[in-house]
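The chains referred to below are lettered A, B, ... by the order of the sequence lines, with proteins before strands, and numbering in each begins at 1.
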Number of protein chains: 2
Amino acid sequence: MNPWQVLSKSLKYQPMQRVFEALSSPIRRKILAYLAHADLTAGEIAAKFEISKPAVSQHLSVLEVAGLVTSEKKGQYVHYSLAPDQLTNTLNGYVQEVCPVAKPLKRESAALAKARANKPQDNGL
Amino acid sequence: MNPWQVLSKSLKYQPMQRVFEALSSPIRRKILAYLAHADLTAGEIAAKFEISKPAVSQHLSVLEVAGLVTSEKKGQYVHYSLAPDQLTNTLNGYVQEVCPVAKPLKRESAALAKARANKPQDNGL
DNA sequence: TCGGTGTTTAAGTGATTACCTAATTACCTA
DNA sequence: TAGGTAATTAGGTAATCACTTAAACACCGA
């Protein structure tokens with residue numbers, strides 16, 4: 001097994017692990033909550049916390065690697081957006097494994113996603 | 001502010017933080033998945049992992065403090081059970097904050113919980 | 001081209017985490 | 001009561017995490 005295989009086999013680099021690890025920080029959860037209401041630049045996000053800008057930048061990087069946010073550079077600004085699918089898919093995926101009641105919820109979720117695709121202006125997604 | 005107030009104000013000791021922190025470990029998520037299928041003793045759980053028994057005991061303690069599992073001593077054995085409500089309530093609670101589509105899911109979840117209360121033998125909860 | 005702003009990278013530090021082994025506690029049975 | 005099993009607590013260590021400041025990079029407008 002070559003080093004790359006070892007790395008990719010490590011749980012640390014599996015998608016679900018990255019999502020749960022990202023969510024384990026209160027600051028990162030708060031960033032996601034802010035982004036749920038509106039896209040924000042890195043500076044706007046940093047202004048909402050008392051820690052340094054580089055620290056916020058690191059948190060944003062963790063969220064992006066986990067697939068929970070996306071970023072787009074516009075001029076000198078970097079705009080961050082929520083990627084809600086990764087969040088709901090991962091949490092639903094795990095909860096379903098632990099908790100059978102989640103199965104009907106998942107079907108309901110799929111139905112809602114379908115409805116959402118038809119009327120994309122309907123909610124925050 | 002006395003030391004106790006400082007402690008209890010710290011995010012580290014808030015319920016949601018404890019749940020997400022508990023879920024950030026792959027081993028702890030796996031323990032919950034095992035307990036979803038059947039109650040198990042500490043020894044039975046430890047046998048499923050390659051790490052030492054004290055290490056598993058620590059993981060179980062983290063899960064219990066987070067309210068995700070409960071334990072009951074029977075003779076020399078300690079039986080662990082899943083506490084599914086804490087898991088679904090916390091995840092739903094947060095996802096709802098980030099992702100508006102979770103609201104109808106939460107209503108659906110409440111309806112299912114109600115149905116479950118009437119027929120407790122119906123599923124793993 | 002040059003100073004100013006927005007953002008990330010680099011390097012280092014203190015705190016926390018996960019793990020181990022050894023010791024301890026609790027209980028059961030002969 | 002003594003020996004054995006189940007489980008946790010104690011003590012110590014290596015690795016990881018979150019944070020800081022300083023430096024670098026990228027872009028804008030005068």
Quick one: pull up [atom1] in [X] and [atom2] in [Y] and give me the separation to the nearest 0.5 Å.
| X | Y | atom1 | atom2 | result |
| --- | --- | --- | --- | --- |
| B:L91 | A:T90 | CG | OG1 | 11.0 Å |
| A:E44 | A:Y77 | CD | OH | 8.5 Å |
| B:E50 | B:I27 | CD | CD1 | 9.5 Å |
| B:L63 | B:E21 | CG | CD | 11.5 Å |

If you look at every heavy atom in [X] and [Y], which pair is closest and at what distance?
| X | Y | answer |
| --- | --- | --- |
| B:K53 | B:A46 | CG-CB, 3.6 Å |
| B:P84 | B:L82 | CD-O, 3.3 Å |
| B:V69 | B:L60 | CG2-O, 4.1 Å |
| A:L68 | A:Q86 | CD2-CG, 3.9 Å |
| B:V19 | B:A66 | CG2-O, 3.6 Å |

Is the closest side-chain donor-acceptor distance between B:E64 and B:T70 under 3.5 Å?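 Looking only at side-chain atoms, B:T70 and B:E64 do not form any donor-acceptor pair under 3.5 Å.
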
Any pair with a residue in residues 78-99 of chain B that passes ring-ring contact (aromatic ring centres under 6.0 Å, His included), sequence neighbours left out, goes on the list, sorted by first then second residue, please.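 Non-adjacent pairs meeting ring-ring contact (aromatic ring centres under 6.0 Å, His included): B:F20-B:Y94.
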
Which ones in residues 67-78 of chain B lie close to DNA chain C, meaning a heavy atom under 4.0 Å from one of its atoms?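 DNA chain C contact set from residues 67-78 of chain B: B:K73, B:G75, B:Q76.
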
Separation of [N] [atom2] from [X] [atom1] (nearest whole Å):
| X | N | atom1 | atom2 | result |
| --- | --- | --- | --- | --- |
| B:R29 | C:dA18 | CZ | P | 12 Å |
| B:Q17 | D:dC17 | CD | P | 15 Å |
| A:H79 | D:dA26 | NE2 | P | 18 Å |

Under 4.0 Å between a side-chain N/O of A:Y80 and OP1 or OP2 of C:dG6, yes or no?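 Negative; the distance criterion is not met.
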
Stretch residues 38-54 of chain B: residues that reach within less than 4.0 Å of DNA chain D through a heavy atom: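 Under 4.0 Å from DNA chain D: B:T41, B:A42, B:G43, B:P54.
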
Using a heavy-atom distance cut-off of less than 4.0 Å, which residues of residues 56-66 of chain B contact DNA chain D?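 Under 4.0 Å from DNA chain D: B:S57.
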
Using atom types as modelled, flag every donor-acceptor pair under 3.5 Å from a side chain in residues 30-37 of chain A to any protein atom, sequence neighbours excluded.
unit_1: A:H37; atom_1: ND1; unit_2: A:A33; atom_2: O; d: 3.0

Strand DNA chain C as a dot-bracket string - pairs counted if Watson-Crick or G-U with both distances under 3.5 Å, | where the partner lies in another strand: ||||||||||||||||||||||||||||||

Sugar-phosphate only, base, or nothing, as touched by A:A55 at under 4.0 Å among non-hydrogen atoms: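 Base contact - A:A55 has a heavy atom under 4.0 Å of at least one base atom.
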
Okay, side chain of A:R28, backbone of A:A22: is any donor-acceptor separation there less than 3.5 Å?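 Yes, because the side chain of A:R28 sits within donor-acceptor range (under 3.5 Å) of the backbone of A:A22.
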
